[in-house]
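Chain naming here is simple, since letters A, B, ... match the order of the sequence lines and numbering starts at 1 in each.
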Amino acid sequence: MKFKAVKGTRDFYPDRMAMRNYLAETWRAVSLRNGFVEFDGPVLEYLDLFSVKSGDEIASQLFSFTDRGGRALAMRPEITPTLARMVNAQINSLPRPIKWFSLPRLFRAENPQKGRLREFFQWNIDIIGSDSVLADAECIFTAIDCLREMGLSADDVGVRIGSRPLTVAALRLAGVDDSAMEPALAALDKRPKVSPDAFAEMAVAAGIPADSLDKLCAFQDAEGLSDVAASLGEGDANSAGEIAKLESLMGYLDNMGVGDYCKLDLRIVRGLAYYTGIVYEIFDAAGSLRAVAGGGRYDNLLKLFGGPEVGATGFGMGDAVLEILLAEKEKLPDLSAGLDCFVIDGESNLLEKVLEVVGRLRQGGIAADFSAKRQAVGKQLKEANRRNARYAIILRADTVGIKNLATGEQTDMSIDEFLEKPLAYIKISDNPFL
RNA sequence: GUGGGUGUAGCUCAGUUGGUUAGAGCACCUGGUUGUGGUCCAGGGGGUCACGGGUUCGAAUCCCGUCAUCCACCCCA
């Protein structure tokens with residue numbers, strides 16, 4: 001073969017396309033029933049848009065180019081900058097809180113590996129214009145609502161919830177200066193992935209005093225909020241407020257009936273610097289995969305993009321890991337598309353009749369097709385079977401046999417009688433992805 | 001960007017210490033029961049063995065390079 005798909009991209013043959021549509025349609029349906037409205041922006045943005053909040057490291061993982069007008073452009077690696085740009089442009093006319101979702105196609109020029117591709121789809125949920133922890137609760141609920149809709153229980157996936165402000169408070173208490181906060185947070189973020197010794201080495205290199213590591217670990221490993229409060233000591237009023245937020249968050253999630261999916265876990269820090277409050281990641285129970293989703297509060301972001309200071313919170317869920325997880329848990333639905341009716345000419349010279357019946361059925365919203373070849377009934381039934389049809393409509397000069405291919409039952413009547421109201425005799429597919 | 005594994009038919013894979021015309025199953029196509037399916041039977045198409053170079057009388061097989069893919073690191077928006 002001379003031409004191949006580009007590294008890190010996927011060809012969506014019909015089976016796979018059906019799966020992609022299933023994810024997209026479920027994401028969309030869940031978003032809408034949670035009160036979010038859909039938006040989208042261009043795949044291409046000015047390169048500058050992505051350097052505002054991210055450094056050069058990120059820029060090196062972008063697909064970027066200069067167009068014929070000399071503009072430095074990039075294919076979007078995430079939708080949040082576009083969201084910020086769009087919201088900022090109309091912030092004064094948008095009723096708050098803004099509850100928007102998007103299903104963007106994204107591109108990142110990194111090396112592909114399990115659950116990571118160069119081109120992928122992501123579900124983004126954001127609430128802008130609310131400082132309340134209720135907004136965080138709504139986002140988390142929406143994520144769980146989706147996973148539950150797809151058949152994943154609290155035994156399959158869990159939301160681990162941490163807090164940036166509390167983690168910062170713990171680091172301050174450990175003697176880390178505010179100017180050294182970012183590398184210290186980065187070190188804590190890596191802790192779950194490395195050995196205790198390696199973590200200690202990394203932490204000290206990041207400027208965390210060695211003699212405070214035990215206390216920091218105890219803080220991160222706290223099982224409950226009272227433990228957290230204890231490890232922060234008397235602390236400041238701010239920390240007490242953050243602990244209260246986590247408490248009401250957990251309460252709200254309980255109220256909405258998804259408390260069993262959620263767990264306090266202060267080891268969740270998130271890599272990015274812009275998070276300002278509650279942060280969370282969703283993992284498979286075994287913890288063998290990458291995060292299915294991740295998000296949190298980012299109150300400074302709109303201002304960073306030239307807008308006002310407004311509260312914002314949200315998450316992103318990629319398609320790659322989700323699909324792997326659903327496959328592992330055997331929760332992928334059977335999406336084999338089938339026809340409602342396969343129309344067969346049961347005698348010779350009936351093509352005109354076949355076309356008439358097919359036309360009428362299709363017009364009535366019934367998925368109908370017929371054989372490209374005029375051949376024996378047996379062959380055509382075989383084809384109907386291969387096409388996964390629910391009914392074979394076998395035509396003769398004046399009568400029609402309606403055969404249920406699953407049960408083998410067949411009823412005969414006049415063609416006119418059938419076409420009068422075909423739905424009285426057949427049950428059409430309720431598969432919306434047909 | 002770095003490191004390791006793997007590249008044989010559309011898919012999953014065989015292919016014996018290098019030896020003549022490269023195989024199977026599934027899928028696909030055609031035909032068989034003068035016509036009501038999923039089975040069965042017979043036949044068929046399809047591979048420059050990822051690509052390029054080297055060693056050899058001879059390479060799918062050994063060596064080098066390139067590319068792709070998978071896994072991991074970096075990073076993770």
Side-chain angles (χ1 to χ4, degrees), chain A residues 1-11 13 15-16 45 49-62 74-84 104 106-118 120 122 124 126 186 189-190 193-194 198 202 269-275 279 281 288-296 298 301 304 314-318 320-321 324 342 344-348 350 371-396 400-412:
Chain A
M1 262 309 185
K2 202 163 185 176
F3 297 107
K4 296 180 195 167
V6 170
K7 181 188 185 80
T9 65
R10 293 166 287 183
D11 287 331
Y13 285 88
D15 284 356
R16 188 151 243 255
E45 291 278 9
L49 187 73
F50 303 115
S51 4
V52 171
K53 80 172 205 199
S54 335
D56 293 343
E57 176 83 31
I58 296 289
S60 74
Q61 301 198 335
L62 288 176
M75 298 177 81
R76 63 185 180 195
E78 56 169 329
I79 192 80
T80 309
T82 301
L83 170 68
L106 305 176
F107 303 84
R108 298 178 184 175
E110 52 193 356
N111 254 346
Q113 54 189 292
K114 191 175 187 183
R116 274 176 91 173
L117 298 159
R118 289 186 164 189
F120 59 98
Q122 195 180 66
N124 267 83
D126 291 279
D189 184 42
K190 293 215 169 61
K193 297 165 76 175
V194 300
M202 204 180 274
V269 177
R270 305 274 303 148
L272 225 67
Y274 67 71
Y275 287 107
V279 288
E281 293 183 350
S288 58
L289 299 174
R290 276 168 204 293
V292 177
Y298 51 95
L301 197 68
L304 194 62
F315 71 84
M317 180 184 292
V321 176
I324 293 169
F342 194 80
I344 291 169
D345 39 355
E347 294 173 6
S348 48
L350 280 183
S371 179
K373 286 172 291 191
R374 318 275 46 90
Q375 55 186 349
V377 173
K379 291 286 185 198
Q380 295 195 59
L381 277 165
K382 205 173 272 199
E383 188 174 344
N385 208 57
R386 203 171 52 228
R387 294 289 296 277
N388 213 356
R390 297 156 76 86
Y391 296 89
I393 309 299
I394 305 165
L395 302 181
R396 292 179 209 292
V400 58
I402 296 137
K403 187 180 177 75
N404 182 321
L405 288 168
T407 64
E409 286 168 39
Q410 181 172 339
T411 44
D412 290 83

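On a pure distance criterion of 3.5 Å, no polar donor-acceptor pair joins the side chain of R10(A) and the base of U69(B). Donor-acceptor pairing under 3.5 Å, judged by distance alone, is present between the side chain of R116(A) and the base of C75(B).
Salt bridge status for E409(A) with K403(A): absent, with no side-chain N to carboxylate O gap under 4.0 Å. Ion pairing of R270(A) with E281(A) is present here, as a side-chain N (NZ or NE/NH1/NH2) and a carboxylate O approach within less than 4.0 Å.
By the 4.5 Å heavy-atom criterion applied to side chains, F107(A) and L117(A) are not counted as neighbours. Using a 4.5 Å heavy-atom cutoff, the side chains of L350(A) and E347(A) are in contact. Between V194(A) and M202(A) there is a side-chain heavy-atom pair separated by less than 4.5 Å.
The interatomic distance linking K7(A) (NZ) with C70(B) (C1') rounds to 10 Å, in whole Å. Per the geometry, CG belonging to L381(A) stands 16 Å off P belonging to U34(B), to the nearest Å. The distance from atom CD1 of I79(A) to atom P of C76(B) is 21 Å, rounded to the nearest whole Å. Atom C1' of nucleotide C29(B) and atom CZ of R386(A) are separated by 10 Å, given to the nearest angstrom. Atom-to-atom, CG of N404(A) to P of U36(B) comes out at 18 Å; the value is rounded to the nearest Å. Between the P atom of A27(B) and the CD atom of E383(A) lies a distance of 16 Å, rounded to the nearest Å. A77(B) atom P lies 16 Å from atom CG of L304(A), rounded to whole Å. Per the geometry, CG belonging to L289(A) stands 15 Å off C1' belonging to A72(B), to the nearest Å.
Residue-level contact check: K114(A) touches the backbone only, with heavy atoms under 4.0 Å from sugar-phosphate atoms and none from bases. G408(A) comes within 4.0 angstrom of a nucleotide base, judged by non-hydrogen atoms across all strands. No contact: G316(A) has no heavy atom under 4.0 Å from any strand.
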Exercise. Would Q380(A) and D345(A) satisfy side chain to side chain donor-acceptor pair (under 3.5 Å), going step by step from the backbone distance to the final call?
Worked result: CA-CA 8 Å; Q380(A) 295 195 59; D345(A) 39 355; 2.6 Å; yes
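Look at the P atom in both G54(B) and A60(B): the space between them is 15 Å, to the nearest Å. Of the C1' atoms belonging to G1(B) and G58(B), the separation is 42 Å, rounded to the nearest Å. Separation of the C1' atoms belonging to G19(B) and C62(B) is 15 Å when rounded to the nearest angstrom. Between C67(B) and A22(B), the two P atoms lie 31 Å apart (nearest whole Å). For the P atom pair drawn from A14(B) and C74(B), the interatomic distance equals 33 Å after rounding to whole Å. Comparing the same atom, P, in A27(B) and in C41(B) gives a spacing of 12 Å after rounding to whole Å. Taking atom C1' on both U20(B) and U12(B), the two are 29 Å apart, rounded to the nearest angstrom.
Mapped onto RNA chain B by nearest heavy atom, K193(A) and I394(A) fall at different nucleotides, with I394(A) at the one closer to the 5' end. Nearer to the 5' terminus of RNA chain B, by closest-nucleotide assignment, is the contact made by A406(A) (compared with the other of A109(A) and A406(A)).
Phosphate proximity of U30(B) to K373(A): present, with a side-chain N or O under 4.0 Å from OP1 or OP2. Residue K4(A) has no polar side-chain atom (N or O) positioned under 4.0 Å from OP1 or OP2 of U69(B). Note on R270(A): a side-chain N or O is less than 4.0 Å away from OP1 or OP2 of A77(B).
Remark: side-chain polar atoms of D11(A) are not paired, donor with acceptor, to backbone N or O of Y13(A) under 3.5 angstrom. Judged by distance alone, the side chain of R290(A) and the main-chain N or O of V321(A) form no donor-acceptor pair under 3.5 Å. Using a distance-only test at 3.5 Å, with no hydrogens or angles considered, a donor-acceptor pair links the side chain of R108(A) to the main chain of P77(A).
Closest of all the heavy-atom pairs between E45(A) and T82(A) is OE2-OG1, 2.8 Å. Here the shortest heavy-atom pairing between Y391(A) and I402(A) reads CD2-CG2, 4.0 Å.
Partners of E383(A) by salt bridge (charged side-chain N to carboxylate O under 4.0 Å, His left out), not counting sequence neighbours: none found.
In the set A72(B), A77(B), G35(B), G35(B) carries the atom at the smallest distance from any side-chain atom of V377(A). Of all nucleotides listed (G37(B), U30(B), G31(B)), G37(B) comes nearest to the side chain of K382(A). For Q410(A), counting side-chain heavy atoms from C-beta on, the closest listed nucleotide (C29(B), C70(B), U36(B)) is U36(B). Counting only heavy atoms from C-beta on, E347(A) has its side chain closest to G35(B) among C76(B), A72(B), G35(B).
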Seminar exercise, completed: For RNA chain B, the dot-bracket notation using Watson-Crick and G-U wobble pairs below 3.5 Å, [ ] for pseudoknot-type crossings and | for other-strand pairs, is (((((((..((((.....[...)))).(((((.......))))).....(((((..]....))))))))))))....
Quick test: give all pairs of protein nitrogen or oxygen and nucleotides 1-4 of chain B nitrogen or oxygen below 3.5 Å, distance rounded to 0.1 Å.
residue: G1(B); atom: O6; partner: N111(A); partner atom: ND2; Å: 3.4
residue: U2(B); atom: O4; partner: N111(A); partner atom: ND2; Å: 2.8

